[in-house]
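Just so you know, these numbers use all the heavy atoms, side chains as well, and skip hydrogens, waters and symmetry mates.
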2 protein chains.
Amino acid sequence: MPDSASETLPSGGGKRRKAAKRHTAGVKAVAAAAGVSLGTVSNVLNRPEVVSPLTRAKVEAAMASLGFVRNESARQLRAGSSRILAYLMLDAGNPFFTDVAKGVEEAAQAAGLSVFLCNSNEDADREADYLDLLEQQRVQGVLITPIDQNSSRLRKLPSRGTPVVVVDRNIDDGEHCSVAVNDILGGELAIAHLLELGHERIAYVGGPNTIGQVVDRRDGARRALRKAGKPPENLIELTTGALTVAEGRGAGQRLAGLPAARRPTAAFCANDLLALGLLQQCVSLGLRVPEDLAIVGYDDIEFAEAAAVPLTSVRQPRQLLGRTAAELLLDESSNPDHEHQRVTFTPELVVRTSTRGTL
Amino acid sequence: MPDSASETLPSGGGKRRKAAKRHTAGVKAVAAAAGVSLGTVSNVLNRPEVVSPLTRAKVEAAMASLGFVRNESARQLRAGSSRILAYLMLDAGNPFFTDVAKGVEEAAQAAGLSVFLCNSNEDADREADYLDLLEQQRVQGVLITPIDQNSSRLRKLPSRGTPVVVVDRNIDDGEHCSVAVNDILGGELAIAHLLELGHERIAYVGGPNTIGQVVDRRDGARRALRKAGKPPENLIELTTGALTVAEGRGAGQRLAGLPAARRPTAAFCANDLLALGLLQQCVSLGLRVPEDLAIVGYDDIEFAEAAAVPLTSVRQPRQLLGRTAAELLLDESSNPDHEHQRVTFTPELVVRTSTRGTL
DNA sequence: TGGAGTTGCTGAAAGGTTTCAAGACGATTG
DNA sequence: CAATCGTCTTGAAACCTTTCAGCAACTCCA
């Protein structure tokens, strides 16, 4: 523990206490204590209405006094169904995805299910490991914002019985539902806005290009240029290694290092974290935003508005995205006539100071 | 879907495809296909070194061709152990906790375990539900940043065999390890800094008071006043309903509404989200920060530095907190001589513009 | 060549729950 | 009073895996 002072004390005021062994009072012990059969205890647990109030009370008392905790593995093994949904997130540190997760939790709670969050952290290996794990756990279903939506693992899950809904990406392979925002349009909105303000040389900051969102937003940017009759070289691509604040700072360093004549006058970032990092670094290196560099982010996370220079950003309906995805998943796992769907929402440009009145 | 345009298409290019049934090729089917016994398949899975290369190859081929996926419920039921850790977070939308989670994941990965994240979202009922769920799942252990550390449920888990480590809170009941940062000291640092700058009337923004961190930081603030010989009324408490940006904005509204003469000249917020909201609202209502109102946050999340006015904050070793907690948990569940510990880290004041050169 | 040791595989038991056909019991009806 | 019905409860089977004692075949050495 090198980078922080720490102090360690024994807990429990010195009363040494060994770790307790797992003492499982099972359904059997409860049955014995209550003087009923196994089946009855199970009924109390699963169909309380069929057991007489008296017996039920006895059983409940026995459960309480023994500290009975149902063994979910056994339940699931026998009953064959899990009451858990998982959301495998691209980056739990990005408020965009935690807002999506909130929408997921909302829909799950309404259906009486619980949500486990998993964080792939933009790492394909971790994503794969989590997918395997979740499949082995036989969760009700998986929501995922994938790193690579062509992964074979991703395609295999549904055919083996684990429904998968892709979030924040569209996918049309007939195996999944997907819920997304039109990222091409989003990119187009951002660049059209900058072009309208008179910017000619515009940087696109984003990466890696394995991430679909990064590519789509860039393609939208290109399309906006094309539509405006500008040459594609006007879009200068700065590729980053991830979609994080730190990478944004790195990009800012590179950008600020360019001679003013060759430096773009505006930057469009693939997400707000990059934009915030870029903004921070550029400001600290003496560039004025928006006068020297206009910046557009993407996602419109809560912090975009509170930034040093309030950030123009492309807004996505975050919670709605999550809620809709969860609802599709629930439909898929409960409705035998379920048909896969692709839902696409429309993004919206929110203009703030970081691009206001430039040039 | 009221607040966003959306478009829905069938997926799969119109090829209607029904949801697949769960077709479980089990260990039995694999054994039959490979011409070996159940036990051998299990050995391939769990102790590959004891089976001859030839048989192993046959079994692996059979597994691949049948798409075998091990049923984790059955495995766990029989083997009695889970390979999963859970971190029950207070607020997944707070970057502080996702950084802690990163530390947890790091330590877990090093030990070959996986982490499920759960979000209580500052809601005691959800916290209780998740604790029940995790206990039923028989996870290896639970890390938790509790809403109420005196909850009976929390105390019961360890005695029934699920180790629990409390994160970001100290607790001394002999049942848990805990890892925390000295929040009293943190509060003291913040207020001492403001006093040194000459502030007399200082607001404390935080709540609800059921959350331990909120109380400790306030107590630290009071202590600093006491030590400086100031009357306790100089600390004006603004109680919030949660530790969020939105609540911070609300507090800003209240604060800015006060007549200048009665308004505090500085505010210490129980966390950075509150501080960012407060900052944003005050600025938009025309207060200058730090001239009219100095602000100190808590946690030093990544966005504190990038805020409209870079935020003075009390820094905590976030990842280290998570990593240490996970390591204690792992020790508890693997080391029979484990003794509960309370680890306390020391916070550090990071001074930025939001308090610089005030008064 | 006989015995011991080794290697690799087998088969049955066990783990805690749910499910379901069937039984027990009392009440109601003809 | 017998027959029928309803309400509760029971006991055994089933879910899928791991574990472990035991067995077969082979090697090695005396």
Side-chain angles (χ1 to χ4, degrees), chain A residues 21-60 62-63 66-83 132-133 135-139 160-162, chain B residues 21-60 62-63 66-83 132-133 135-139 160-162:
Chain A
K21 257 284 150 47
R22 179 147 262 163
H23 85 139
T24 12
V27 104
K28 200 173 202 159
V30 172
V36 299
S37 76
L38 293 195
T40 300
V41 177
S42 177
N43 281 336
V44 170
L45 248 23
N46 302 296
R47 290 184 289 299
E49 69 281 3
V50 312
V51 16
S52 77
L54 181 70
T55 342
R56 196 198 317 175
K58 277 194 298 185
V59 172
E60 279 165 351
M63 294 207 271
L66 293 174
F68 169 76
V69 176
R70 183 212 238 118
N71 184 326
E72 176 66 20
S73 297
R75 204 219 101 244
Q76 186 171 326
L77 174 59
R78 175 63 236 231
S81 79
S82 158
R83 307 214 53 79
D132 286 349
L133 181 67
E135 191 175 15
Q136 292 175 185
Q137 293 278 347
R138 304 285 196 274
V139 294
R160 290 197 196 118
T162 303
Chain B
K21 257 284 150 47
R22 179 147 262 164
H23 84 139
T24 12
V27 105
K28 196 173 205 160
V30 172
V36 300
S37 77
L38 294 195
T40 300
V41 177
S42 177
N43 280 336
V44 170
L45 248 24
N46 303 296
R47 290 182 288 298
E49 70 282 2
V50 313
V51 18
S52 78
L54 180 69
T55 346
R56 195 195 321 173
K58 276 193 299 185
V59 171
E60 278 164 352
M63 294 208 271
L66 293 175
F68 170 77
V69 177
R70 181 211 242 121
N71 184 325
E72 176 66 19
S73 296
R75 205 218 100 246
Q76 186 171 323
L77 174 60
R78 176 64 238 234
S81 78
S82 158
R83 306 212 56 77
D132 286 349
L133 181 67
E135 191 175 17
Q136 292 174 185
Q137 293 278 346
R138 303 289 196 271
V139 295
R160 291 195 195 121
T162 303

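- Close to C:dT10, at under 4.0 Å from its OP1 or OP2, lies a side-chain N or O of B:Thr40.
- Within the 4.5 Å cutoff, side-chain heavy atoms of B:Asn46 are placed close to those of B:Arg70.
- Of the side-chain N and O atoms in A:Asn71, none sit less than 4.0 angstrom from OP1 or OP2 of C:dT17.
- Atom C1' of nucleotide D:dT19 and atom CG of B:Leu38 are separated by 12 Å, given to the nearest angstrom.
- Within 4.0 Å (heavy atoms only), A:Val36 reaches sugar-phosphate atoms of the nucleic acid but no base atom.
- In the model, A:Ser81 has no side-chain atom that pairs as donor or acceptor with a side-chain atom of A:Arg138 under 3.5 Å.
- Nucleic acid contact class of A:Thr55 (heavy atoms, under 4.0 Å, all strands): sugar-phosphate only.
- Closest contact between the side chain of A:Arg70 and the listed nucleotides C:dT17, D:dT18, D:dC15 involves C:dT17.
- As judged by a 4.0 angstrom heavy-atom cut-off over every strand, B:Gly39 is placed among the base-contacting residues.
- Applying the 3.5 Å distance criterion, the base of C:dT18 shares a donor-acceptor pair with the side chain of A:Arg78.
- Using a 4.0 Å cut-off, no side-chain N or O of B:Ser73 falls inside it from OP1 or OP2 of D:dC16.
- Counting atom types as modelled, B:Arg75 pairs no side-chain N or O with a base atom of D:dT17 as donor and acceptor under 3.5 Å.
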